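Report on one structure; see the data block that follows.
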Amino acid sequence: MEHKRHYVLPKGWRQKYKFRLSSCIVFFIFAYITVFLRVVYVTAIHPIKPAAAWLAAVLPTPHMSAPLPDRASIVDDKGRILAVSLPDAALYADPKQITDPQKVTKALATILPDINQQQTEARLLLKQSSFAYIDRALTPDQEMAVNRLGVPGLYFLPSWKRHYPNGSIAAHILGGVTPGQNGIAGVEDSFNKRLLEHPGQPLKLSIDLRVQDIVQRELTRAMNNYDARGACAIVESMTGRIVAMVSLPTYNANDFHDAPTDAQADRCISGDYEPGSVMKLMTLAAGLQSGLVHVWDKFNTTHPLFVGGYAVTDYEPVHHWLAMPAILAYSSNIGASRIATIIGPELQRAWLKKMGFFNRSPIQLPGAQYGLWHARRDWRLLTTMSVSFGNGIAMPPIILVNAVVADLNGGILYKPTLLAPQPGAPPRQGVRVMRPEVSVDMRKMMRGVVLSGTGVYANVPGYLVGGKTGTSQVVGANGHYETDLNNASFIAAFPINHPRYVVYALVIHPKPTKKMQKFSYGFTTGGYVAAPAVGRIISRIGPMLGIRPLSGTALKAANAKWHFPLAPKPPASVVALGPGHPFPPGANQYAYDLTKHPAPEHPDNAAKLAALKKIELAKPFRPASSAAEIASS
């Protein structure tokens with residue numbers, strides 16, 4: 001029988017265990033207090049700063065800038081965005097990793113409906129390649145949907161997409177870019193290198209976005225009112241800066257590649273249009289600058305002129321001798337022809353060449369074209385006459401507008417530009433092409449056109465508008481003028497007492513419409529079609545450009561000062577041209593040929609040479625004196 005063993009606890013065991021337990025409790029209390037005090041010390045009394053490397057890894061850096069876009073933004077003269085590059089994602093594939101190209105293509109087509117399935121599948125079948133673009137511009141939703149497919153071999157590539165937030169506004173000026181973000185039209189093309197090399201520096205244009213929008217709206221209204229084929233409008237400052245330039249029809253700049261060819265054409269810089277009677281501003285200015293004729297001289301407009309089987313007539317004949325202001329106000333083709341034959345073809349060509357008509361406009365747009373002119377050997381009597389009132393020649397409107405600016409700003413020809421002035425840059429350099437007093441006479445005569453001539457519908461209360469109408473025929477496919485088509489234009493300056501801007505509108509192929517019948521009576525001339533549009537533009541953009549309309553005594557005084565009689569009286573000691581005295585000394589042979597009057601046996605060659613030297617005037621202009629010249633005039 002087994003006996004159970006009993007363990008006997010040693011003596012004093014209770015005391016030993018109590019001591020050990022007490023020691024443990026004291027140790028843990030001491031350790032807790034030590035840790036507590038250490039934590040208080042390092043966090044409140046003397047906190048320990050984290051290592052710099054650790055901070056750099058976990059803390060955001062507020063000064064860190066976003067990566068620069070691939071090309072600089074384009075802004076207007078007030079800094080409003082016209083074009084900007086936004087971050088985007090491109091989708092590409094590694095064909096070597098795509099196991100079922102057909103299945104993958106079908107899956108992508110449900111997310112990207114614009115892709116060409118046949119081309120995409122063909123790319124994915126190229127197993128010798130490791131890179132194939134699928135779509136260069138995914139929306140965030142599309143990127144997420146493609147990512148959810150979980151297809152090995154599909155990858156995303158960070159990219160940039162050019163965006164034009166204003167849609168069709170300034171589309172022709174801005175142009176467009178390729179999928180690879182290189183400019184292919186407009187300033188995107190002209191300044192492509194600058195936009196790529198300095199992506200952080202916006203390109204600032206002279207365009208005012210607000211003015212551009214108004215001009216486009218009013219020009220569209222005129223075009224729609226007369227069911228026209230197209231239109232162009234330009235607003236240019238007195239130093240050649242383009243404030244607005246619109247070509248219609250237009251397109252959304254974001255859809256440049258899908259825009260119709262007709263909409264992509266910029267009618268302001270590439271269209272060749274006969275200027276019509278607006279060209280009389282050049283003829284009269286050349287005559288005054290030559291010194292052969294003066295504002296008080298009168299010219300025989302009593303009957304049509306017949307040359308080589310052609311007849312030069314007036315739209316509204318007056319059948320009496322007219323002075324220069326009346327020739328411009330009534331838009332007399334006969335009067336302009338008389339002046340042109342007096343100065344002759346050599347002086348006429350010299351004047352037009354100096355004013356930039358024979359060259360392509362230096363505007364910074366790649367599509368600028370040359371005008372169409374007669375060769376020197378063909379520049380005879382009939383050409384001299386027809387050019388004087390804008391027939392038989394053609395040009396882009398930008399060339400005409402820039403020359404008219406020189407007519408009005410005191411006689412300074414500037415190169416047109418789309419760039420805003422740089423801070424601290426010196427004033428623009430120009431060339432003096434006309435005596436200041438000639439410019440003053442031109443402005444006064446243009447004021448008469450709006451007050452009592454063909455441009456009355458461009459009159460804007462308080463703004464002293466001066467202008468000139470233009471109605472030109474259209475050459476058909478057979479080379480002859482169409483009997484039922486014309487172009488209607490109007491050019492204006494405001495305020496004419498101290499001109500700040502020139503506004504030009506051209507409406508192409510306007511038609512008589514039922515909507516405008518009560519206003520235009522079926523006429524589609526510049527005075528009915530384009531002049532009202534220019535008047536509306538001036539009334540809306542004037543306050544935006546800081547030009548306040550005059551009223552009360554100030555308006556009355558300005559009107560009195562700038563009133564120019566249609567038949568000014570010559571100075572007391574001067575014998576004016578007129579009945580019995582139609583030719584000045586130095587008149588060209590063509591003036592005598594036109595009237596079948598015998599030329600003098602000994603022509604005044606000294607007067608001819610003096611007139612040519614005045615016409616060829618072209619000397620550098622000091623910008624600092626421009627404001628004083630115009631103000632004093």
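Nothing here was measured: the structure is a model prediction, and the numbers come from that model. Values reported hereafter were calculated over all heavy atoms of this structure, with side chains retained and with hydrogens, waters and symmetry mates removed.
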Q: Check step by step if side chain to side chain contact (heavy atoms under 4.5 Å, CB included) holds for M324 and D441.
A: CA-CA 10 Å; M324 269 196 177; D441 286 341; over 6 Å; no
Q. Does S361 reach the side chain of N402, with side-chain heavy atoms less than 4.5 Å apart?
A. no
Q. Does CZ belonging to F358 count more than 12 external heavy atoms closer than 6.0 Å?
A. yes
(Q) Tell me if the NZ atom of K608 is crowded by more than 12 foreign heavy atoms within 6.0 Å. (A) yes
Q: Run through I398, V503, I491 and flag the one making a side-chain contact (heavy atoms from CB on, under 4.5 Å) with I234.
A: I398
Q) Taking only residues two or more places apart in sequence, or in another chain, which ones meet R548 in a side chain to side chain contact (heavy atoms under 4.5 Å, CB included)? A) none
**Q.** side chain to side chain contact (heavy atoms under 4.5 Å, CB included) between T384 and N588, worked out
**A.** CA-CA 11 Å; T384 302; N588 188 268; over 6 Å; no
Q | Least distance between heavy atoms, P582 atom then W321 atom | A | CB-CH2, 4.3 Å
Q. Which pair of heavy atoms, one from W296 and one from P568, lies closest together, and at what distance?
A. CB-O, 3.4 Å
**Q.** Any I547 side-chain heavy atom under 4.5 Å of R500 side chain
**A.** yes
Q. Within a reach of under 6.0 Å around NZ of K415, are more than 12 heavy atoms found that belong to other residues, nucleotides or ligands?
A. no
Q.
With a 6.0 Å cut-off (strictly less than), is the heavy-atom count around OH of Y330, excluding the residue itself, greater than 12?
A. no
Q: Could you tell me whether R435 atom CZ has more than 12 heavy atoms of other residues or ligands within 6.0 Å of it?
A: yes
Q: State, yes or no, whether a side-chain contact exists between W373 and R349 at a heavy-atom distance under 4.5 Å.
A: no
Q) Taking C-beta and beyond as the side chain, do L506 and R267 meet within less than 4.5 Å on heavy atoms? A) no
Q. Among pairs that include at least one residue of residues 379-400, which meet ring-ring contact (aromatic ring centres under 6.0 Å, His included), considering only residues two or more places apart or in two chains?
A. none
Q) Distance only, no hydrogens: is a donor on one side chain within 3.5 Å (strictly under) of an acceptor on the other, for Y414 and E236? A) no
Q) Which atom names give the shortest non-hydrogen contact between P461 and P549, and what distance separates them? A) O-CB, 4.1 Å
Q) Is there a side-chain contact between L464 and R443, using heavy atoms and a 4.5 Å cut-off? A) no
Q: Step by step, work out the side chain to side chain contact (heavy atoms under 4.5 Å, CB included) result for R338 and L305.
A: CA-CA 9 Å; R338 296 284 190 188; L305 305 176; 3.3 Å; yes
Q | Residues Y590, Q348; criterion side chain to side chain donor-acceptor pair (under 3.5 Å); working and verdict | A | CA-CA 12 Å; Y590 281 167; Q348 187 182 48; over 6 Å; no
Q: For residues S489 and T469, determine if any side-chain heavy atom of one lies less than 4.5 Å from a side-chain heavy atom of the other.
A: no
Q) Roughly how far, to the nearest 0.5 Å, is CZ of F494 from CE of M446? A) 12.5 Å
Q. Looking only at heavy atoms, which two atoms of M282 and D407 are closest? And how far apart?
A. CE-OD2, 3.2 Å
Q.
Walk me through whether L281 and L328 qualify under side chain to side chain contact (heavy atoms under 4.5 Å, CB included).
A. CA-CA 8 Å; L281 296 175; L328 200 65; 4.0 Å; yes
Q | Residue pair P512 / G522: nearest heavy atoms and the distance that separates them | A | CG-O, 3.5 Å
Q) Any side-chain donor-acceptor pair under 3.5 Å between S332 and K280? A) no
(Q) Less than 3.5 Å apart, any donor N or O on the side chain of N486 or T524 sitting next to an acceptor on the other? (A) yes
Q) Does the side chain of R447 come within less than 4.5 Å of N459's, by heavy atoms? A) yes
(Q) Are F519 and Y457, when compared by the centres of their aromatic rings, separated by less than 6.0 Å? (A) yes
Q: Using a cut-off of 6.0 Å, state whether more than 12 heavy atoms not belonging to E346 lie near its atom CD.
A: no
Q: Can you see which heavy atom on S388 is nearest to which on T283, and at what distance?
A: O-OG1, 2.7 Å
